[in-house]
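See structure below.
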Amino acid sequence: MRRSKNEVARWRMSRQVKRRRARWLEGQSRRYGRMHAIRHQLSQQQRRSILFVNQLL
């Protein structure tokens, strides 16, 4: 069955929006993962330094 120009355009736009949203979400989760890793690293560093200070005393 042939689709009208408007239908095709609407379908293309919706696909584009879906793709854009998916990409954005992926970027967000990637950024969050990076931030999470950095925070984790910092907390580990602090924990290690506290342990080290306690060993010296």
Side-chain angles (χ1 to χ4, degrees):
M1 193 179 110
R2 221 166 155 241
R3 305 231 181 256
S4 70
K5 271 187 177 180
N6 281 346
E7 267 185 309
V8 171
R10 205 179 306 128
W11 179 73
R12 275 194 185 144
M13 286 298 289
S14 69
R15 266 183 69 204
Q16 212 174 13
V17 166
K18 266 185 209 161
R19 223 179 299 143
R20 196 176 296 141
R21 207 171 286 148
R23 277 203 202 115
W24 181 84
L25 249 179
E26 191 186 330
Q28 289 298 313
S29 62
R30 240 188 235 135
R31 270 177 227 126
Y32 176 75
R34 214 171 284 147
M35 283 189 274
H36 180 75
I38 291 169
R39 275 196 210 108
H40 182 71
Q41 206 175 9
L42 282 172
S43 66
Q44 288 291 93
Q45 218 171 14
Q46 286 170 343
R47 212 170 288 145
R48 263 188 244 112
S49 64
I50 289 168
L51 278 172
F52 183 71
V53 167
N54 286 344
Q55 282 174 356
L56 285 178
L57 293 174

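Both backbone and side-chain heavy atoms feed into the values below; hydrogens, waters and symmetry mates do not. Remember, predicted model here, so these are calculated numbers, not experimental data. Here, residue 1 is the first one in the sequence, and each next residue gets the next number.
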| query | Got a sec, which hydrophobics cluster with I38, joining ILVMFWY side chains under 4.5 Å apart, including via others? | reply | L42
| message | Taking side-chain hydrogen bond (donor to acceptor under 3.5 Å, both in side chains) as the definition, give me every residue that meets it alongside Q44, ordered by chain and number, with sequence neighbours left out. | response | R47
| Could you give all pairs that pass the salt bridge (Lys or Arg N to Asp or Glu O under 4.0 Å) test and reach residues 3-29, with sequence neighbours left out? | E26-R30
| Residue pairs passing the salt bridge (Lys or Arg N to Asp or Glu O under 4.0 Å) test where at least one lies in residues 31-46, sequence neighbours excluded | none
| Hey, is CE on M13 packed in by over 12 heavy atoms from elsewhere, all under 6.0 Å? | no
